[in-house]
Peer 1: 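What follows is a single structure, and I will ask about it in a moment.
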Number of protein chains: 2
Amino acid sequence: MNLKQFAKELNLSISAVSKALRDSHEISEKTKQMVLDKARELNYQVNPFASSLRKQKSKTIAVVIPEIDNNFFALAIKGVEMIAQEKGYHVLIYLTHEDVQKEVSVTKILQNGRVDGVMISVSSQTTDISHLQGLKENGIPLVFFDRVTEKITAPKITTDDYNSGIKATEHLIENGCEKIAFLSVSENLSISNKRLAGYVDTLKRNKINYDDKLIIRCSQNIEENKKILKKLLEKKIKPDGIFASVESLALTTYEVCNELNIKIPDDIKIIGFSNLRTASLLSPSLSTITQPAYEIGREAASILFTLIEKSGYNGIPENTVIKSTLTERKSTRK
Amino acid sequence: MNLKQFAKELNLSISAVSKALRDSHEISEKTKQMVLDKARELNYQVNPFASSLRKQKSKTIAVVIPEIDNNFFALAIKGVEMIAQEKGYHVLIYLTHEDVQKEVSVTKILQNGRVDGVMISVSSQTTDISHLQGLKENGIPLVFFDRVTEKITAPKITTDDYNSGIKATEHLIENGCEKIAFLSVSENLSISNKRLAGYVDTLKRNKINYDDKLIIRCSQNIEENKKILKKLLEKKIKPDGIFASVESLALTTYEVCNELNIKIPDDIKIIGFSNLRTASLLSPSLSTITQPAYEIGREAASILFTLIEKSGYNGIPENTVIKSTLTERKSTRK
DNA sequence: ATTATTTGCGAAAACGTTTTCGTAAATTTT
DNA sequence: AAAATTTACGAAAACGTTTTCGCAAATAAT
């Protein structure tokens, strides 16, 4: 069913029907009503491709994320989708699996106008950002969330990572830790580095000397990380505190401690970034820094939509920071 | 950058360039190479809307799910996205939040050809399925996964829910339970009913008399469920075993047991469907039926793509069942 | 050396909208 | 009552592809 047939049914012109459907003032109320009624009767839906082609607008955004089986990103998407649905937008999902190559190929594909805007949380391997610059050059609005990069000017929605790094480290120190390991995923991830900076500065302020053997670079692979952590925890001078900069690493630490029979929190205390509902049900319950993932998704989407709809509008802050919260549980108890 | 400008640069016709890009045999190898080189140089990308409009194909599928902050669905999407990326398809996500109305409006929107196919896991409130029938009538291939409905003919990918219901119930009985509650989310959800049927039949086979006060209908709301479960567990004749038919209910049970100081597994044993990585880290570790979510996503996507690409092909089974696995942990220990 | 066939390309017609512009008829203003 | 304006609609030109046809030139077959 297309406009041509539709128009014929009503003995109207294609343009009249089109205008009526878009509630144009050029069409009388009477015919508008007639058209609307007929549209309902025929279950007429405009062809999105014809419409997008003509209007040069897709009413679609893309969300590019490194992984989805991670409550943080799942919740962020939930937030995005909520706003998108309100605004009548469609949401395309692309997973990069932490692979820059995939990130590059995805952004290339998105340059052709398929989407009106892009939200991205960069992969942990991303250093060169020319592919993202490419999007901007093609006039496609871009918003970063959580995993941002300083190298490009665009709205960025994050949590207070530096501050959270401080809070987590202070929390461990207050509970008696003196030798705190920082588990990181990548040296070129802004969130990792900011959290690390908070950790380093807090050690300094507490006159604990910084030992770079305690900055543990982990990988994306759980089994590999287990090996790395086993090596760390089997040392005779093993750390007495662990600050996991991402959820997965906190869990891996738990698993390794179980295997090595290391008691949390007696032998070692753990705090980690996490959005797990089960944090409080773990054995022992896990002290966490929780990011407001859903709100981040909503906020990022809102900003993207104003970017799309009010091009030229200058009131959008480059950085939006939403605070995360520290929840103290048994894994850090004295 | 469009074909017209592109063609002018090479002093070729639009059609020649278009054909060259699609590797047509009508074009000589020499000019094909020239066109391909130029395409790379100019970073030419075909306009997806013009192409879709002309070809009546969108290279896009939709995934409609009730929620995303649930590891099962997150993993399923991961599987779908993997296959889609291999096949060069795009993936649109729609969340219904267990709301039929949203499901109906989403499927209406999808009827206009925006997507080449739809994958859906129906909301727990869905009973009338005319909106899904509508998709089929519009010639849009449809595949169900996990939450299927018998009322419509279409490929369905599920786990062996009936069998899993049996396994879980038997496991509880073997470990000494005699009064097993079944926590259900919805009376009109096939998975819920099949799991329930397995439970009922197993009780019968073990000569345990069935008590319909032990079939607990829960809601989507965590707080409400807490109230319901508290009421159940505060009874003097409270159950000695819980079979949670979805992940969220197992966790709520844990939370309520903590609040009421009921000891798992001594006072009550729990088994639940779940894809949580943290199942083994809970206190106590949770015995689970784990569904191969990722594989379900992959399989459902694969089937959808053959449906799309080989229309008329009859070799697709109406039902594909992928087994789930029972993992025994401490929450059901004797 | 003709005729038949193949090769390589271009013109033009879709695909289904949206939007500009033109223009009768209806209405308002002088 | 004539002129000016407004109202309500239609014709037609985009939007950027893909694909069918047509047709020269090149090659192959007689």
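Lettering of chains follows the sequences in order, A, B, ..., and the numbering in each one begins at 1. From a predicted model like this one, the values you see are computed outputs, not experimental measurements.
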Peer 1: Taking only N and O in the side chain of A:S28, is any of them less than 4.0 Å away from OP1 or OP2 of D:dT7?
Peer 2: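 False: A:S28 side-chain N/O out of range (4.0 Å or more) of D:dT7 OP1/OP2.
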Peer 1: Taking the side chain of B:R54 as heavy atoms from C-beta outward, which of C:dG10, D:dC9, C:dA13 is closest to it?
Peer 2: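 From the listed options, C:dA13 comes nearest.
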Peer 1: What integer distance in Å separates A:F49:CZ from D:dT18:P?
Peer 2: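 In whole Å, D:dT18 P lies 14 Å from A:F49 CZ.
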Peer 1: Would you indicate which nucleotide in D:dT17, D:dA12, C:dA11 comes nearest to any side-chain atom of B:N47?
Peer 2: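 Of the options given, the side chain of B:N47 lies nearest D:dT17.
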Peer 1: Check the orientation of A:F305 and A:Y89. Use parallel for under 30°, tilted for 30 to 60°, and perpendicular for over 60°.
Peer 2: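 The arrangement is tilted - the two ring planes meet at 30° to 60°.
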Peer 1: Using a distance-only criterion (donor-acceptor N/O pair, under 3.5 Å, no hydrogens), is the base of C:dC15 paired with the side chain of B:Q56?
Peer 2: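 Flag unset: no donor-acceptor pair detected.
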Peer 1: Of the listed nucleotides (D:dT20, C:dT19, D:dG16), which one gets closest to any side-chain atom of B:N2?
Peer 2: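 Ranking D:dT20, C:dT19, D:dG16 by closest atom to the B:N2 side chain puts D:dG16 first.
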Peer 1: Are B:K32 and B:E29 close enough for a salt bridge, meaning some N to O gap below 4.0 Å?
Peer 2: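 Judged by the 4.0 Å cut-off on N to carboxylate O distance, B:K32 and B:E29 do form a salt bridge.
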Peer 1: Round to the nearest Å and state the distance from A:L3 atom CG to D:dG10 atom C1'.
Peer 2: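 Atom CG in A:L3 sits about 14 Å away from atom C1' in D:dG10.
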Peer 1: Please give, in whole Å, the distance from C:dA13 C1' to B:L53 CG?
Peer 2: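 The distance from CG of B:L53 to C1' of C:dA13 comes to 13 Å, rounded to the nearest Å.
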Peer 1: What is the distance from NZ of A:K4 to P of D:dG10, rounded to the nearest Å?
Peer 2: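 The answer, rounded to whole Å, is 15 Å.
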Peer 1: Hey, can you tell me if A:F145 and A:F73 have their rings parallel, tilted or perpendicular (30° and 60° cut-offs)?
Peer 2: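 Geometry flag for A:F73 against A:F145: perpendicular rings.
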Peer 1: Can you figure out which of D:dT19, C:dC21, C:dT17 approaches the side chain of A:S51 most closely?
Peer 2: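 Closest nucleotide among those given: C:dT17.
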Peer 1: Do B:K19 side-chain and C:dG10 base share a donor-acceptor contact under 3.5 Å?
Peer 2: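 Yes.
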Peer 1: Looking at CZ of B:F49 and CZ of A:R54, how far apart are the two atoms once the value is rounded to the nearest 0.5 Å?
Peer 2: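 Separation between the atoms: 15.0 Å.
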Peer 1: Report the distance from atom CG of B:N11 to atom C1' of C:dG10, rounded to the nearest whole Å.
Peer 2: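 Atom-to-atom, B:N11 to C:dG10, this comes out as 13 Å.
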Peer 1: If you apply the rule side chain to side chain contact (heavy atoms under 4.5 Å, CB included), what do you find for A:V118 with A:I140, and how did you get there?
Peer 2: CA-CA 7 Å; A:V118 174; A:I140 296 172; 4.0 Å; yes
Peer 1: Closest to the B:R22 side chain: D:dA12, D:dT19, D:dC21?
Peer 2: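 Looking only at side-chain atoms, B:R22 lies closest to D:dT19.
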Peer 1: What's the CZ-P distance between A:R114 and D:dC15, to the nearest Å?
Peer 2: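 About 21 Å, once rounded to whole Å.
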Peer 1: Does any donor-acceptor pair link the side chain of A:S15 with the base of D:dA11 at a separation under 3.5 Å?
Peer 2: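 Checked by distance alone, the answer is yes.
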Peer 1: Tell me which nucleotide among D:dG10, D:dC15, C:dC9 gets nearest to the side chain of B:T31.
Peer 2: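 Shortest atom-to-atom distance from the side chain points to C:dC9.
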Peer 1: What is the distance, to the nearest angstrom, from the CG atom on B:D23 to the P atom on D:dT19?
Peer 2: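 After rounding, the gap between these two atoms is 13 Å.
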Peer 1: By nearest nucleotide on DNA chain C, pick out whichever of B:K32 and B:K55 is the more 5' one.
Peer 2: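 The 5'-side residue here is B:K32.
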Peer 1: Hey, does the side chain of A:Q45 reach the backbone of B:N112 with a donor-acceptor pair shorter than 3.5 angstrom?
Peer 2: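 No, because the side chain of A:Q45 does not come within donor-acceptor range (under 3.5 Å) of the backbone of B:N112.
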Peer 1: Would you please confirm or rule out a distance under 4.0 Å between OP1 or OP2 of D:dT17 and any side-chain N or O of B:S18?
Peer 2: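 Checking B:S18 against D:dT17: no side-chain N or O falls below 4.0 Å of OP1 or OP2.
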Peer 1: Could you say whether B:A50 or B:V17 is positioned toward the 5' end of DNA chain C, judged by the nucleotide with the nearest heavy atom to each?
Peer 2: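 Per heavy-atom nearest nucleotide, the more 5' residue is B:V17.
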Peer 1: Provide, to the nearest angstrom, the distance between the CG atom belonging to A:N112 and the C1' atom belonging to D:dT17.
Peer 2: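 Whole-Å distance recorded here is 13 Å.
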Peer 1: Do any side-chain nitrogens or oxygens of A:Y44 fall under 4.0 Å of OP1 or OP2 in C:dT17?
Peer 2: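 For A:Y44, the contact criterion (side-chain N or O under 4.0 Å from OP1 or OP2 of C:dT17) is met.
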Peer 1: Starting the side chain at C-beta, find the nucleotide from C:dT19, D:dT18, C:dC9 nearest to B:I14.
Peer 2: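 Of the candidates, D:dT18 comes closest.
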